Amino acid sequence: MSFLRPIYCLLFTLITATAMAQPVPVKLRFLSGYNLSPKIPLQSGANFFVITKQKVFDKTFGIDKGTPPLPNPPDFKKEMVIVMAAMPTERITKMMFTNATRAGNYVEVYCNYKKTITPLTYTEFPIVVATLPIIPEVNEIRFYQGKDELAILKTK
């Protein structure tokens, strides 16, 4: 009977390791009222940013000492900021983060980005800004639309 003990230990280890590798939902907290600084260069299509420091956040959004604070600012001791932005356009652009999951040492963020042919009478600056909790083991954020990988960005 004692010869079964190593087999049971091995099975328990494999089952535990498999359970630990399952994706775990990560809470997104959306921020509103932020616009990118005009100094931030954008490429055509969706552009992604991961911001982990207050100084970089302020520079990215053109926030200086005279800027009134917006409600619910990020707390960089507990959160990192993720951003999806596109070049200014005169067409309706739909963009959003739909959900996020942690899998190992990275977080997968699922998003939708679609630039329509419907014209606008003004210039739109498409952007979505959200926070993710800081998870010490995570060193990468991967952005997806459906099964298509759009970007991989380091957090450290």
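One is the number of the first residue; the rest follow in order along the sequence. Everything numeric in this text was worked out from a predicted model, so none of it was measured.
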When the side chains of residues 33-42 are checked against the rest of the protein, which donor-acceptor pairs come out under 3.5 Å, sequence neighbours left out?
unit_1	atom_1	unit_2	atom_2	d
Ser37	OG	Lys39	N	3.2

If I take atom [atom1] from residue [X] and atom [atom2] from residue [Y], how far apart are they, to the nearest 0.5 angstrom?
| X | Y | atom1 | atom2 | result |
| --- | --- | --- | --- | --- |
| Asn99 | Lys27 | CG | NZ | 13.0 Å |
| Thr116 | Lys94 | OG1 | NZ | 6.5 Å |
| Thr131 | Asn72 | OG1 | CG | 9.5 Å |

Answer with yes or no whether the hydrophobic clustering places [X] together with [Y]; edges join I, L, V, M, F, W, Y residues whose side-chain heavy atoms lie under 4.5 Å apart.
| X | Y | answer |
| --- | --- | --- |
| Leu31 | Val83 | yes |
| Ile152 | Met80 | no |
| Val109 | Val24 | no |
| Val50 | Phe61 | no |
| Val129 | Leu132 | no |

Please find the pair of heavy atoms, one from [X] and one from [Y], that lie closest to each other, and give the distance.
| X | Y | value |
| --- | --- | --- |
| Pro126 | Pro88 | CD-CA, 4.5 Å |
| Gly104 | Val138 | O-CG2, 4.4 Å |
| Asn47 | Ala86 | ND2-CA, 4.2 Å |
| Phe48 | Leu153 | O-CD1, 3.5 Å |
| Arg91 | Glu124 | O-OE1, 3.4 Å |
| Cys111 | Thr98 | N-OG1, 4.1 Å |

- Query: Can you list every pair that meets ring-ring contact (aromatic ring centres under 6.0 Å, His included) and has a residue in residues 76-101, with sequence neighbours left out?
  - Reply: Phe57-Phe76

- What pairs of residues pass the side chain to side chain donor-acceptor pair (under 3.5 Å) test when at least one of them lies in residues 139-149, not counting sequence neighbours? Asn105-Asn139, Glu140-Arg142, Glu140-Lys154, Tyr144-Glu149

- Task: Using a 4.5 Å cut-off on heavy atoms from C-beta on, say whether the side chain of Val56 contacts that of Thr60.
- Result: yes

- Item | side-chain contact (heavy atoms from CB on, under 4.5 Å) evaluation trace for Ile82 with Leu28 | CA-CA 9 Å; Ile82 58 172; Leu28 289 166; 3.8 Å; yes

- Message: Does Gln43, at its CD atom, have more than 12 non-hydrogen atoms belonging to other residues, nucleotides or ligands within less than 6.0 Å?
- Response: no

- Sequence neighbours left out, what passes side chain to side chain contact (heavy atoms under 4.5 Å, CB included) with Ser44? Give chain and number order. Met87

- Query: Looking at Thr155, Val81, Asp58, which one forms a side-chain contact (heavy atoms from CB on, under 4.5 Å) with Ile51?
  - Reply: Val81

- Item | Non-neighbouring partners of Thr123 that pass side chain to side chain donor-acceptor pair (under 3.5 Å), sequence neighbours left out | Glu90

- Has the side chain of Arg102 got a donor or acceptor atom that lies under 3.5 Å from a matching backbone atom of Ile135? no

- Message: Starting from Leu120 and following side-chain heavy-atom contacts under 4.5 Å between hydrophobic residues (I, L, V, M, F, W, Y), which residues can be reached?
- Response: Ile92, Tyr122

- Carefully, step by step, assess Met84 and Leu150 under the rule side-chain contact (heavy atoms from CB on, under 4.5 Å). CA-CA 11 Å; Met84 178 171 49; Leu150 302 176; 5.6 Å; no

